[in-house]
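Everything on this sheet refers to the single structure shown next.
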Amino acid sequence: MANIDFAIGIGGEAGQGIATPGNILARIFARRGLHLNAYNAYQSIIRGGHTFLTIRAGDHPVRSMGDRLDVLIPLNQDTMDRHLGRMDAGSRVVFDVDKIKPGAAPAEVRLCPLPVKQLTAGDKLAANTVAVAATLQMLGIEFEPLEASLTKQFERKGEAVVKQNVGFARAGYDYAATNFHAFPFRAPKLATPLGILTGNEALGMGGAAAGVKFYAAYPMSPSTGVLMWMARHARQLGIMVRQVEDEIGVMNMLVGAAHAGCRAMCATSGGGFALMTEAVGMAGMLETPLVCIDVQRAGPATGVPTKTEQGDLWQALGAGQGDYPRFIVAPTTQLDLFTTVPELFNLCDRFQCPGLVLSDLMLSEGTASVDPADLNFNVPIERGEIIFPNGNGGAANPFGGANDRAYLRYRLTPSGISPRAVPGVPGHIHVAATDEHDEDGTLISDEFTNPHKRQAMVEKRGRKLAAALALIPAPRLVGPETAQVTLVGWGSTEGVIREAVEKLAAEEGIVANQLAIKWLVPFHTEAVTRLLTRAQRVIIVENNYSGQFARYLRSETGFAAHGHIRKYDGEPFMPHHLVHAVKEQLAGATALSVPRHEILV
Amino acid sequence: MANIDFAIGIGGEAGQGIATPGNILARIFARRGLHLNAYNAYQSIIRGGHTFLTIRAGDHPVRSMGDRLDVLIPLNQDTMDRHLGRMDAGSRVVFDVDKIKPGAAPAEVRLCPLPVKQLTAGDKLAANTVAVAATLQMLGIEFEPLEASLTKQFERKGEAVVKQNVGFARAGYDYAATNFHAFPFRAPKLATPLGILTGNEALGMGGAAAGVKFYAAYPMSPSTGVLMWMARHARQLGIMVRQVEDEIGVMNMLVGAAHAGCRAMCATSGGGFALMTEAVGMAGMLETPLVCIDVQRAGPATGVPTKTEQGDLWQALGAGQGDYPRFIVAPTTQLDLFTTVPELFNLCDRFQCPGLVLSDLMLSEGTASVDPADLNFNVPIERGEIIFPNGNGGAANPFGGANDRAYLRYRLTPSGISPRAVPGVPGHIHVAATDEHDEDGTLISDEFTNPHKRQAMVEKRGRKLAAALALIPAPRLVGPETAQVTLVGWGSTEGVIREAVEKLAAEEGIVANQLAIKWLVPFHTEAVTRLLTRAQRVIIVENNYSGQFARYLRSETGFAAHGHIRKYDGEPFMPHHLVHAVKEQLAGATALSVPRHEILV
Amino acid sequence: MSTVIEEAVVPPAAAAPTKESYKFKVHPDWCPGCGDFSVLNALQTALFELGLAPHQVLVISGIGCSSNLPGFINTYGMHTLHGRALAVATGAKLANHDLTVICTGGDGDGYGIGGNHFLHTMRRNVDLTYIVMDNQIYGLTTGQTSPTSVKGMKTKSTPYGNVENPINPIPLAIVGGATYVARGFSGKQKHLVELLKGAIQHRGFSLVDVFSPCVTYNKDNTYQFFTQRVRLLEEQGHDASDFASAIQRGYEWGEEIPIGLFWKRTDLPALDELEPVLADGGPLAFRPLGVSPAQAAAVIQELL
Amino acid sequence: MSTVIEEAVVPPAAAAPTKESYKFKVHPDWCPGCGDFSVLNALQTALFELGLAPHQVLVISGIGCSSNLPGFINTYGMHTLHGRALAVATGAKLANHDLTVICTGGDGDGYGIGGNHFLHTMRRNVDLTYIVMDNQIYGLTTGQTSPTSVKGMKTKSTPYGNVENPINPIPLAIVGGATYVARGFSGKQKHLVELLKGAIQHRGFSLVDVFSPCVTYNKDNTYQFFTQRVRLLEEQGHDASDFASAIQRGYEWGEEIPIGLFWKRTDLPALDELEPVLADGGPLAFRPLGVSPAQAAAVIQELL
Ligand SMILES: Cc1ncc(C[n+]2csc(CCOP(=O)(O)OP(=O)(O)O)c2C)c(N)n1
Ligand SMILES: Cc1ncc(C[n+]2csc(CCOP(=O)(O)OP(=O)(O)O)c2C)c(N)n1
Ligand code: SF4
Ligand code: SF4
Ligand SMILES: [Mg+2]
Ligand SMILES: [Mg+2]
């Protein structure tokens, strides 16, 4: 591509601290206004093993970790051995020559050995700093931002330490200037400085913007980042954050808090969500709005806790016994996670039902640049027909406020939505029951059993979402209206598919377009069917084994795709995986492509 | 229909003991060789409310509770008031005239008031006995079987009590002979005496036949009958039966017992199953065979605990995060429950995965007659590739029995099935882990992470079921090959659909046929698609709101049915509901019929 | 289409509650003679005597015969999932700590499937009153063994006799961290009312385990059984601040079975008192939503 | 494609096990210095000293750093779900009561999410040995508060300090019905080996809670912290059959923290001893399947 676009890989053992140099680089790039995407491949181990962070930046939207590395910074021998052979022509490998031996490098890969001992007077901890400095130099970035960054990092430790570390960095920077070849391009500086954001932070921030006052969780990778963000900001933002004994407790606490009137949220991963499903059904039955996030990881069971997958779609679709209305949404980018949460809360409040967000490890733990102007916290808050004691819920108290007997919590309305009073409101006393109930809440599972009332209540709940579809944007084709191939994805794969589409056009002369599905329930059956039946060749891209989305799409539309690209090895798609798969499918070689991840991370 | 076919309804409060007369009648009918179906509509209340038992019998297979009552035995005024108005011409209402007032009866309904006080010298408990005796008399059944039955019932209380009760019965019998009109038919006596069987008993017996040695459960209506059957027979049959602290414990205990080599089984209902799904996924990952029964009831959440529904299909399909192989089967009759369990165990053992049975309240708590000859306990037992210390598992020990290092529990085989050694076998030491693992069981979620190994393991598990479809009978059309309408159902609705098909032909001149789906996963996509695409008009019948099967069918075949008949009021379909719905759909009035249950039980 | 059983005139919310204020339009559908009637009545009396307005009280249950109670009392109610009342209640209490939150349920619900929430709600000392109608059986599912069924008991799930040791809720709660631990008996109304009043007034987690006989399925632990055996701790000079004695007396089971207040401590703050987020601003549920521009700016600043 | 780390020659199953027999081909991937190494080593030593054949031992864990242990020991192993080890183990033990079944896991796994199984496995006195590597933190999820984290502790989920009271596993287990309750410390190998041997030999449910410091995430409860504080009950003349004293000593926490055997009783049979089904015929798992014609006839007879 004509744009400037480069990627840096930093690898080492868990516990070796690749986060710090990664963070320094990402912030420096973002502050220059560069767009950025970072993905960390790591393992379920606290120390040791292999961790590999890819930071890709460019002067245009960067939507995936990309296909190539321009710089490899191996912090240990293992990383050098795993990755060197996969470096492309023109790339640099920056390493501590005292510690790490390069093997045979592919042609035109430039080895950049740093004599770290000499540059840092033997300070072992400084190797990372030196490598970062050298890298920045080759990218044509001035020294000042690094100096500022190190100053901030070491501030607490006193001026001497700051000075020392800045000195190491300077040495590395200068050494690179003298000894290494700078890149043929310079990392540009754009007008708008950007920030960086992980998906989990975006979810926490989205919750805060939505007015979440109760957040509960049980730690579970890769969702724990949301808990940690919430815990850190709890006091500052006035949010009650609880770590609970288990996920069952989490979802049940949410129901209690939401019933009492709070906006309540939680995040977990598939195994934790499995434990929550009974209580999600309770929220459906009590008609209690709340939001639950499932950050998917590779399953089944414990699976691969630190690896990504889109394997929980059918779990979400089948959560809990019986039929009840709920929303299911799979946001497509980190920013989209942020904006979706308040939107979802508005829908849940309005339709009085639970809402599920499907994120995944790649999105939630991945980092993206973000324009602060896009982080709008001043979002509309619509709480639907709710009755508070102090009348601040927006809905008038329809029964005059002082007649418990006349208030019908589950009134049969044409919309199916019934004004809900929270506990504490005079004149609206009722019981909310998970047993089937009558309009006033009375159980009809025991002596008042009545099949007609039961039927009416099922239908009341069932029709609530009828009006919801109109409030949710229909998915749209991105790319040329007529294309040889339409790539369909859901949730987090939007970015990589977009890049693959561009690559197909630019490098292979293949005209493709893209349909990214975000809202899963309710589903825009008509719009999607229309688009897909018109498409020449539809290929569904998803990060799971069984084609969970393909099957769901068929259940809703009857549409069977022409081909599938699936990956279930724990690693995300890279653009070239999709390009290659599309080519092989267009060539008629297969209708199911399973790209093989080339790098063993 | 030309056959003899009659139904008796007995109603009263919970705790009033309708079970005893119901049981007496059912056994007397079955012993005469009459076919029988009984369904009890009851409420989630221990005393009070309204309970209504329908026993239908005939000289031909009786597959549902039917459409009409020939005898109503109201044990309280409420029952009389609810049901009298719905009695058809020619039917009898047998009641204690001292206690219950009839209202205005429809034309030609014969009121049969019994002067109970006079007949029993004031013994209040005897009213039921007297009513049963009168009913038998009108049906032309001799007195002896009732005498025998009462003798057995009161034996323990001494000869005097027996004599007294037989006397009451005699009085009722004679009173009817003198005062009431006998039915124009006589209940025949057929050659083969039958037994009676509830679905839950059938499941317990099926488990015993399969060789279940470990049964665990947490009580939950309507599945508790299986636990009770198992507990009663535990010592006699050598089965370890445990009531556990919760359903999570149940499924996890099962995994432990099954892993150690037992055939292990449990039963629950939707809410309990929701709590089990994480551990079902564990069985998928560990490749541990076990069988879990979900006896569906009306949901969501607590729902209507004593009412029927087919609302857990998507929950079963989506049980647990990630993809893993498992069987899902919905047997169609009580006898089918019995025969399916051992078949399913053989499949689960062979393919080393969990198996789910979807029953429902109607089937599990309903009673059917059964020919004892059909209860074959001598079933084939195939345990697949299992290695026991004493070599009784059928599979040779492929690694010579003394080399822990060489044994690969999760060996990558072409079939995906790897010989499994149970703990205690020398030379086969391994760890079975829910984290993704290598062939020998070593975790690859931590330092050994490797996307290629991960991919290979997912595919190994994924391909296990490839061979399974061939072992499962494809569904077949019952009825004329070419028909105006094809009624498709799954699981327990088979009987009522069959009767509706017969009724459509006999009474409406509509030629229909039937496709009953039993095996849901794996699904006979090809066979079903072939049958349905050839059909003139396909209508799907199911006991839920959202058309769970219709959506699943579409996800597997792309096939969208022409019409739907759904019921979600807690009560089962009656044949006339389907007949009426088919007629309205053929007339083009609607594509979705929701029959309204006429009787408020 | 609503199920209004009684046509009662409701006192205006402002008026002081009378005993009738807590009566609900739905009559309990428990079996005649069930111990739970008495618990319901005692709870209504306690609320009345404490002068709590019905709309300020939230009664939360799980699933079981006993858990039907919220449907029979004129307060706000939640009838949740089997075993989950305490978790739901924790959420509700923290969302609106002005509410008086009371949990009611059975031994199976609370000590069986709900055991983990029981354990952790106690150690957190959440300001709830937990009333367990302990009939030593699973009533609603028609008579299976419960975690408090005595060894040897024959039930539908243990027709040859239960082989498991029961738990003893009193010592368990004391060690588990509950700060008010009492046992009552349905047959001792007045005593029960006092225990409940104490529990509701107590700031922190209170357990009142009540012998509430199931007349239908438990033929061993009947009214008669308890009437003969119960002895009031209050009449025996028990010191409820004596930890060792509280535990020891909690284990007494035989010809004499103590009921009353076993254990109480007031030195541990309740969870809501420890959460600075609740310190000012009233109930969370009623606070304005969203974040201020300054807060938003601070959060965004972290990303730069 | 298998992951064989070490090429070791395995002794034939018949030979008497050596200490090496329990070493596994996979090296533990715990952080250097983690307390869990010591627990693993103590367990291997205990099994060796008891002369148990590796294939007759089944070690079952949940999920957590500590729960990785079954992957590092040469016995049969199950690495189950977070919090579920005890339930799985109960099933396995009853299916094959000839096996020596040992559960290993963490404080979060066992006392947090696994709390309900903990409670009920104890009261059932299932013949298991339960080793909890209690580091008062969630290790594998990188440092959140656990049910044994002390009040005030700062963790990633409680950056302003934990406001909840911890549970104390020792008194809880004693009251919960465990029949062998001990506490060890990773820093006291020999002592730990003896506690584990006692636990494995004990017929019934044994808990060995081990202070097993997380050197990465718990900076409060370190080796040093415990080394300074632990005192051996065995050296203080504690009588492990004295219930009241066992509880009281279990609560001691401060400058001196007792470790050792707090409580043991041998008068309660284990669950498998109480189940007549297990009396004859050997392990259930190895019995012939199916029912005899006579049994079938009896069952069918009931339907007629
Ligand atoms: C998840 C789940 N499992 C099982 C049930 C079935 N169930 C309803 S009530 C009950 C037990 C009731 O016993 P208890 O709590 O002691 O209350 P009681 O009826 O004795 O008052 C059970 C097992 C359920 N509703 N949900
Ligand atoms: C259902 C479920 N919830 C959450 C997790 C995530 N998880 C894995 S280990 C762990 C806690 C580990 O703490 P602990 O048991 O104390 O073990 P340690 O790592 O400290 O040894 C958690 C919460 C999970 N695997 N499954
Ligand atoms: S079954 Fe027992 S607990 Fe339930 S209402 Fe009847 S007496 Fe009460
Ligand atoms: S994180 Fe803690 S518990 Fe886990 S291995 Fe490291 S030191 Fe041990
Ligand atoms: Mg009970
Ligand atoms: Mg821990």
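Residue numbers start from 1 in every chain, and the chains themselves are labelled A, B, ... in the order their sequence lines are given, proteins ahead of strands.
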Original post:
Do other residues, nucleotides or ligands put more than 12 heavy atoms under 6.0 Å from the NZ atom of Lys152(B)?
Top reply: no
**OP:** Identify which part of Leu284(D) has an atom lying under 4.5 Å from any heavy atom of chain B, answering side chain, backbone, both or neither.
**Re:** both
Subject >> Sub-4.5 Å side-chain heavy-atom contact between Ile196(B) and Glu302(D) >> reply: no
**OP:** Identify which part of Met205(B) has an atom lying under 4.5 Å from any heavy atom of chain D, answering side chain, backbone, both or neither.
**Re:** side chain
**OP:** Specify which of Ala208(B), Gly204(B), Ser369(B), Ala30(B) makes the most heavy-atom pairs with chain D at under 4.5 Å.
**Re:** Ala208(B)
**OP:** Using the side chain to side chain contact (heavy atoms under 4.5 Å, CB included) rule, take Arg383(B) and Leu289(D) through it: C-alpha gap first, then chi angles, then the decisive distance, then the call.
**Re:** CA-CA 10 Å; Arg383(B) 300 225 55 192; Leu289(D) 303 199; 3.6 Å; yes
Subject >> Region of Gln301(D) that comes under 4.5 Å of a non-hydrogen atom in chain B >> reply: neither
Original post:
Going through the distances and angles, do Lys213(B) and Arg287(D) end up as a side chain to side chain contact (heavy atoms under 4.5 Å, CB included)?
Top reply: CA-CA 9 Å; Lys213(B) 289 274 175 284; Arg287(D) 297 187 192 172; 4.0 Å; yes
Subject >> Distance-only side-chain donor-acceptor flag, Glu447(B) / His27(D), under 3.5 Å >> reply: no
Original post:
Under a 4.5 Å heavy-atom cut-off, does chain D meet the side chain of Ala264(B), its backbone, both or neither?
Top reply: neither
**OP:** May I ask you to test the Ile239(B)-Val277(D) pair for a side-chain heavy-atom distance under 4.5 Å?
**Re:** no
Original post:
Based on non-hydrogen pairs under 4.5 Å, which of Val255(B), Asn378(B), Val241(B), Leu237(B) is most in contact with chain D?
Top reply: Leu237(B)
**OP:** State, to 0.1 Å, how close Asn252(B) and Ala87(D) come at their nearest heavy-atom pair, and which atoms those are.
**Re:** CB-CB, 3.6 Å
Original post:
Do the non-hydrogen side-chain atoms of Val88(D) and His259(B) ever get within less than 4.5 Å of each other?
Top reply: no
Original post:
In terms of heavy-atom pairs under 4.5 Å, which option from Pro283(D), Pro54(D), Gly77(D) contacts chain B the most?
Top reply: Gly77(D)
Subject >> Contact check, side chains of Asp29(D) and Phe448(B), non-hydrogen atoms, under 4.5 Å >> reply: no
Original post:
Any Lys/Arg nitrogen of Asp440(B) or Lys25(D) sitting under 4.0 Å from an Asp/Glu carboxylate oxygen of the other?
Top reply: yes
**OP:** Could you check which of Arg31(B), Glu201(B), Arg242(B), His437(B) has the highest count of heavy-atom pairs closer than 4.5 Å to chain D?
**Re:** Arg242(B)
Subject >> Residue Asn376(B) versus chain D: region with a heavy atom under 4.5 Å >> reply: neither
Original post:
Once you round to the nearest 0.5 Å, how far does CZ of Phe72(D) lie from CG of Leu443(B)?
Top reply: 7.5 Å
Original post:
What are the two closest heavy atoms between Ala95(D) and Cys262(B), and how far apart are they?
Top reply: CB-SG, 3.6 Å
Original post:
Based on non-hydrogen pairs under 4.5 Å, which of Gly261(B), Gly249(B), Gly424(B), Gly195(B) is most in contact with chain D?
Top reply: Gly424(B)
Original post:
Okay, side chain of Gln295(D), backbone of Gln236(B): is any donor-acceptor separation there less than 3.5 Å?
Top reply: yes
Subject >> Contact winner vs chain D - Gly211(B), Pro423(B), Ala257(B), Ala433(B), heavy-atom pairs under 4.5 Å >> reply: Pro423(B)
Subject >> Most chain B-contacting option - heavy-atom pairs closer than 4.5 Å, from Ile300(D), Val59(D), Asn68(D) >> reply: Ile300(D)
Original post:
So what's closer than 4.5 Å to chain B heavy atoms on Ile63(D): side chain, backbone, both or neither?
Top reply: side chain
**OP:** Quick one: which of Pro70(D), Pro276(D), Ser61(D), Gly71(D) has the most heavy-atom pairs under 4.5 Å with chain B, could you say?
**Re:** Pro276(D)
Original post:
So which heavy atom on Phe286(D) is nearest to which on Ala260(B), and how close?
Top reply: CE2-O, 4.4 Å
Subject >> Region of Val422(B) in contact with chain D, defined by heavy-atom distances below 4.5 Å >> reply: both
Subject >> Reported CE-to-OG1 distance for the pair Met282(B) and Thr80(D), which is rounded to 0.5 angstrom >> reply: 5.0 Å
**OP:** Apply the test side chain to side chain contact (heavy atoms under 4.5 Å, CB included) to residues Thr75(D) and Val431(B): give CA-CA distance (whole Å), side-chain angles for both, the deciding distance (0.1 Å), then the verdict.
**Re:** CA-CA 8 Å; Thr75(D) 64; Val431(B) 58; over 6 Å; no
Original post:
When rounded to the nearest 0.5 angstrom, what distance separates NE2 in His79(D) from CE in Met285(B)?
Top reply: 11.0 Å
Original post:
Should Arg124(D) and Glu245(B) count as an ion pair when the cut-off is N to O under 4.0 Å?
Top reply: yes
**OP:** Check for a donor-acceptor pair, side chain of Arg27(B) on one end and backbone N or O of Leu304(D) on the other, with a separation under 3.5 Å.
**Re:** yes
Original post:
Heavy-atom distance under 4.5 Å to chain B: side chain of Ile60(D), backbone, both or neither?
Top reply: neither
Original post:
How about His55(D) and His428(B): do any of their side-chain heavy atoms sit closer than 4.5 Å?
Top reply: no
Original post:
Side chain, backbone, both or neither: which part of Ala296(D) has a non-hydrogen atom closer than 4.5 Å to chain B?
Top reply: both
**OP:** With a 4.5 Å cut-off on heavy-atom pairs, point out which of Leu375(B), Asp435(B), Ile248(B) contacts chain D the most.
**Re:** Ile248(B)
Original post:
Does the Tyr76(D) side chain pair with the main chain of Val425(B), one donor and one acceptor, at a distance under 3.5 Å?
Top reply: yes
Subject >> Which of Thr90(D), Asn116(D), Leu278(D), Leu81(D) touches chain B most, by non-hydrogen pairs under 4.5 Å >> reply: Leu81(D)
Original post:
Given the options Leu99(D), Leu119(D), Asn96(D), which has more heavy-atom pairs under 4.5 Å with chain B than any of the others?
Top reply: Leu99(D)
Subject >> Audit row: Met78(D), Thr434(B), side chain to side chain contact (heavy atoms under 4.5 Å, CB included) steps and yes/no >> reply: CA-CA 8 Å; Met78(D) 297 182 79; Thr434(B) 61; over 6 Å; no
